[in-house]
Amino acid sequence: MKGQNEAWHYTIRADGIVTKSPTGPFLEEYRWSAMESDGKPVTLSAESLAYSRKGLARRRLYCPECPHSNNVDRALSAPSPTS
């Protein structure tokens with residue numbers, strides 16, 4: 001993924017899979033890696049590398065619980081070079 005937040009340019013790799021939950025709906029799960037900020041590599045913490053987001057894939061009314069992101073690099077949840 002490539003993004004821009006005002007003058008800040010960043011890239012990050014998102015690897016995704018789709019699985020079917022035990023209760024029926026399909027879920028998407030993404031893991032983040034290989035982040036660059038303004039062309040320079042960013043070392044993500046172990047918590048950030050292990051963090052995944054599960055979301056709705058096929059069923060509109062189903063919303064699974066997102067994992068806590070307290071220990072995840074802020075750039076993964078609110079990208080900003082000054083945050």
Side-chain angles (χ1 to χ4, degrees):
M1 174 176 82
K2 292 181 181 183
Q4 181 176 343
N5 185 355
E6 296 180 3
W8 177 47
H9 293 82
Y10 59 93
T11 61
I12 192 163
R13 180 179 172 153
D15 292 306
I17 61 169
V18 176
T19 58
K20 188 170 183 177
S21 78
T23 58
F26 288 93
L27 303 174
E28 296 174 348
E29 181 176 318
Y30 293 92
R31 298 202 184 265
W32 306 97
S33 64
M35 184 172 185
E36 288 188 6
S37 175
D38 290 324
K40 297 176 183 159
V42 174
T43 302
L44 296 172
S45 66
E47 290 88 355
S48 295
L49 295 172
Y51 182 74
S52 66
R53 292 212 174 190
K54 291 186 179 178
L56 171 63
R58 300 280 184 234
R59 189 169 151 198
R60 189 173 187 201
L61 298 176
Y62 182 74
C63 182
E65 205 174 298
C66 288
H68 293 286
S69 60
N70 298 349
N71 297 321
V72 173
D73 293 289
R74 289 184 51 91
L76 293 180
S77 60
S80 171
T82 58
S83 294

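Heavy atoms only: backbone and side chains are in, while hydrogens, waters and symmetry mates are out.
To the nearest 0.5 angstrom, D38 atom CG is 9.5 Å from Q4 atom CD. Atom NZ in K2 sits 10.5 Å away from atom NE2 in H9 (nearest 0.5 Å). For the atom pair CG (D15) and CZ (R31), the distance works out to 10.0 Å, reported to the nearest 0.5 Å.
Contact detail for W32 and A14: the closest heavy-atom pair is CZ3-CB, 3.4 Å.
Looking at residues two or more places apart in sequence or on another chain, you find a side-chain contact (heavy atoms from CB on, under 4.5 Å) between E47 and S45, N71. Applying the side-chain contact (heavy atoms from CB on, under 4.5 Å) criterion to A34, with sequence neighbours excluded, gives R13. With sequence neighbours left out, E6 forms a side-chain hydrogen bond (donor to acceptor under 3.5 Å, both in side chains) with no residue at all.
M1 and I17 fall into different hydrophobic clusters, where Ile, Leu, Val, Met, Phe, Trp and Tyr are joined by side-chain heavy atoms under 4.5 Å apart, directly or via other members.
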